[in-house]
Student: 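Structure in structure tokens, see below.
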2 protein chains.
Amino acid sequence: MAKHDRHNAIRELVASAAIASQDELRRKLVRRGFDVTQATLSRDIHELSLYKGPNGYAMPNGNGNGDHEDDLPSIREVLGGFGLKVKQAQNQLVLVTTAGSAQPVALGIDHEDWDEVVGTIAGDDTVLIICPDMKRASRLRERLDEMIG
Amino acid sequence: MAKHDRHNAIRELVASAAIASQDELRRKLVRRGFDVTQATLSRDIHELSLYKGPNGYAMPNGNGNGDHEDDLPSIREVLGGFGLKVKQAQNQLVLVTTAGSAQPVALGIDHEDWDEVVGTIAGDDTVLIICPDMKRASRLRERLDEMIG
DNA sequence: CGCCCCTATGCATAAAAATACACTATCATG
DNA sequence: CATGATAGTGTATTTTTATGCATAGGGGCG
């Protein structure tokens, strides 16, 4: 099948030179013996998950692959499942979770976009939550406590 | 100037949601109070060096292709590339970065040896910066903000 | 063989992004 | 204050990319 070889050729070209448009890519491919149209390249580029940036097309480096987003469990579920306890120190809360779950829990909290939260940092089993002030820290502590319980 | 704020808004939107076209970005910006045209966004996207891939626009994460890579990048470049926003809570600053870049960013800040910085802790996409007092925290916040923009 | 289904592709065209040009506001300077 | 340089933007247009529709070439199978 020509398609497969063409995909390989595209990968190589894209990895080795800056290619600014599908038409430029097309011309380079023609020189290598692949005579296809821009429409086909548009599809190929999708199939290969190539990215286009300031320097032309690029391979889906580090990033790229899996696109799983959305439908994450509710913060309540997460906390109920992994949250162990919350403690307060001035405007900061320290949330202890089961081992290894701090990261996802912090992510969940971030996504809530609460205005009691300035930001979170997660280690392995501890999430540090920074609040704007003690008052809001207390309020959040109560809420989290209730969710954990 | 509104441009600066708009750039920040674009970074955040792009980092948090899948945006498939400049027109979609435009609609989201309008809801946030930025009323601009697609032409302007095309320029903004260039200025911000955003990439477009299968999942819409994205921040210029560790993409490794390109040519410009001289010495170690200045803290200014790092923040310009990966920093999203800074928030202050008393004597602490919370710096939100693109996913996975908090660690290097924190390293860069540490290396600056600023006297507004007592220390930093980095998670995945958040750096916590501890300052000696509110006054210096504010000063640093302004400086970082300016670097991000 | 004749028929159906499926993949790959081209052509024409729609949709999206980039850009040429013009206008305005700002700012430093003579 | 006039003047000229400059940045930011919008409008109209061009260029680039994506896609709807149709066709050609393979299999598989009755």
Side-chain angles (χ1 to χ4, degrees), chain A residues 1-61 63-65 67 69, chain B residues 1-61 63 65-68 76-77 80 145-149:
Chain A
M1 188 191 316
K3 183 176 182 178
H4 188 256
D5 295 335
R6 190 179 62 240
H7 278 195
N8 268 357
I10 292 174
R11 276 185 221 267
E12 286 182 36
L13 283 172
V14 152
S16 65
I19 295 183
S21 73
Q22 295 180 2
D23 222 58
E24 183 183 337
L25 176 59
R26 186 177 160 285
R27 287 191 296 274
K28 287 180 191 291
L29 281 171
V30 166
R31 261 184 263 130
R32 289 195 173 200
F34 298 95
D35 192 355
V36 290
T37 60
Q38 171 268 321
T40 297
L41 293 185
S42 172
R43 292 167 185 134
D44 285 349
I45 282 171
H46 253 87
E47 286 159 19
L48 292 170
S49 292
L50 297 186
Y51 278 70
K52 185 179 187 181
N55 290 333
Y57 286 98
M59 294 294 294
N61 271 328
N63 169 329
N65 39 16
D67 60 298
E69 189 70 34
Chain B
M1 180 67 37
K3 184 178 182 176
H4 184 260
D5 296 333
R6 189 180 63 240
H7 277 193
N8 266 356
I10 290 174
R11 278 183 217 266
E12 287 184 36
L13 282 173
V14 151
S16 65
I19 295 182
S21 73
Q22 296 180 1
D23 221 57
E24 181 183 339
L25 175 59
R26 187 177 159 285
R27 288 191 293 275
K28 286 180 192 291
L29 281 171
V30 166
R31 263 185 260 130
R32 287 193 174 203
F34 299 96
D35 193 355
V36 290
T37 60
Q38 172 266 323
T40 297
L41 294 185
S42 173
R43 291 165 188 135
D44 285 349
I45 283 171
H46 254 88
E47 286 160 20
L48 292 171
S49 290
L50 298 186
Y51 278 67
K52 186 179 187 181
N55 289 333
Y57 286 98
M59 293 296 295
N61 260 331
N63 114 12
N65 69 352
D67 11 345
H68 59 86
R76 189 171 224 97
E77 289 176 276
D145 232 341
E146 182 268 323
M147 287 184 184
I148 288 176

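Keep in mind that the numbers below use all heavy atoms, side chains included, and drop hydrogens, waters and symmetry copies. Just so it is clear: chains get the letters A, B, ... in the order the sequence lines come, proteins before strands, and each one is counted from 1.
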Student: It should be established whether B/Gln22 places a side-chain nitrogen or oxygen under 4.0 Å from OP1 or OP2 of nucleotide C/dA18.
Tutor: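 Checking C/dA18 against B/Gln22, a side-chain N or O does come within under 4.0 Å of OP1 or OP2.
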Student: Quick one: does B/Lys28's side chain get under 4.5 Å of B/Glu24's, heavy atoms only?
Tutor: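 They are in side-chain contact.
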Student: Would you check if B/Leu41 and B/Leu29 make a side-chain contact, meaning some heavy-atom pair closer than 4.5 Å?
Tutor: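 The answer is yes, as the side chains (C-beta and beyond) meet within the 4.5 Å cut-off.
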Student: Compare side-chain N and O positions of B/Arg26 against OP1 and OP2 of C/dA16 and report whether any pair is under 4.0 Å apart.
Tutor: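 No, B/Arg26 has no side-chain N/O under 4.0 Å of OP1/OP2 on C/dA16.
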Student: For the side chain of B/Ala39, counting heavy atoms from C-beta on, which of D/dA12, C/dA17, C/dG10 is nearest?
Tutor: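 Nearest listed nucleotide: D/dA12.
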Student: When the distance from CD1 of A/Ile45 to C1' of D/dA18 is rounded to whole Å, what number comes out?
Tutor: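 So the CD1-C1' distance, A/Ile45 to D/dA18, works out to 11 Å.
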Student: Using a distance-only criterion (donor-acceptor N/O pair, under 3.5 Å, no hydrogens), is the base of C/dA18 paired with the side chain of B/Gln38?
Tutor: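 By the distance-only test, yes, there is a pair.
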Student: Nearest-Å distance, CG (B/Asp44) to P (D/dG10)?
Tutor: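 Nearest whole value for this atom pair: 10 Å.
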Student: Work out which heavy atom in A/Gln22 is nearest to a heavy atom in A/Gln38; give both atom names and the distance.
Tutor: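 Answer, listing the atom of A/Gln22 first, then A/Gln38: OE1-NE2, 3.0 Å.
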Student: Please confirm whether the shortest side-chain N or O distance from B/Ser42 to OP1 or OP2 of C/dA17 is below 4.0 Å.
Tutor: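 Result: no.
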Student: Rounding to an integer number of Å, can you tell me how far B/Glu47 CD sits from C/dT19 P?
Tutor: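 For the pair B/Glu47 CD and C/dT19 P, the rounded distance is 12 Å.
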Student: OP1, OP2 of C/dA17 versus side-chain N and O of B/Tyr57: anything below 4.0 Å?
Tutor: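 True: B/Tyr57 side-chain N/O within range (under 4.0 Å) of C/dA17 OP1/OP2.
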Student: Take atom CD of A/Glu24 and atom P of C/dA18, then tell me their distance rounded to the nearest Å.
Tutor: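 These atoms are roughly 16 Å apart.
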Student: Have a look at B/Asp35 and say if it touches a base, only the backbone sugar-phosphate, or nothing, with a 4.0 Å heavy-atom cut-off.
Tutor: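 Sugar-phosphate, no base atom in range.
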Student: In whole Å, I'd like the distance from the CG atom of B/Leu48 to the C1' atom of C/dA18.
Tutor: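 Rounding to the nearest Å, CG of B/Leu48 and C1' of C/dA18 are 16 Å apart.
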Student: Verify the contact: side-chain N or O of A/Thr40 to OP1 or OP2 of C/dT9, cut-off strictly under 4.0 Å; return yes or no.
Tutor: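 So the side-chain polar atoms of A/Thr40 never come under 4.0 Å of the phosphate oxygens OP1 or OP2 of C/dT9.
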Student: Would you sort out whether B/Tyr57 and B/Ile45 count as a side chain to side chain contact (heavy atoms under 4.5 Å, CB included), showing the intermediate values?
Tutor: CA-CA 9 Å; B/Tyr57 286 98; B/Ile45 283 171; 3.8 Å; yes
Student: Whole angstroms only, please: what is the CG-C1' distance between B/Leu41 and D/dG10?
Tutor: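 It works out to 12 Å between those atoms.
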Student: Roughly, in whole Å, what's the span from NE2 in B/His46 to P in D/dT16?
Tutor: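 Between P of D/dT16 and NE2 of B/His46: 12 Å.
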Student: Measure the distance from NZ on B/Lys52 to C1' on D/dT16 and round it to the nearest whole Å.
Tutor: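 Going from B/Lys52 (NZ) to D/dT16 (C1'), I get 10 Å.
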Student: Is there a side-chain contact between A/His46 and A/Arg43 (heavy atoms, below 4.5 Å)?
Tutor: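 No, every pair of side-chain atoms sits at 4.5 Å or beyond.
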Student: Does B/Arg43 make a side-chain donor-acceptor contact with the base of D/dG10, cut-off 3.5 Å?
Tutor: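 It does, because a donor-acceptor pair links the side chain of B/Arg43 to the base of D/dG10 below 3.5 Å.
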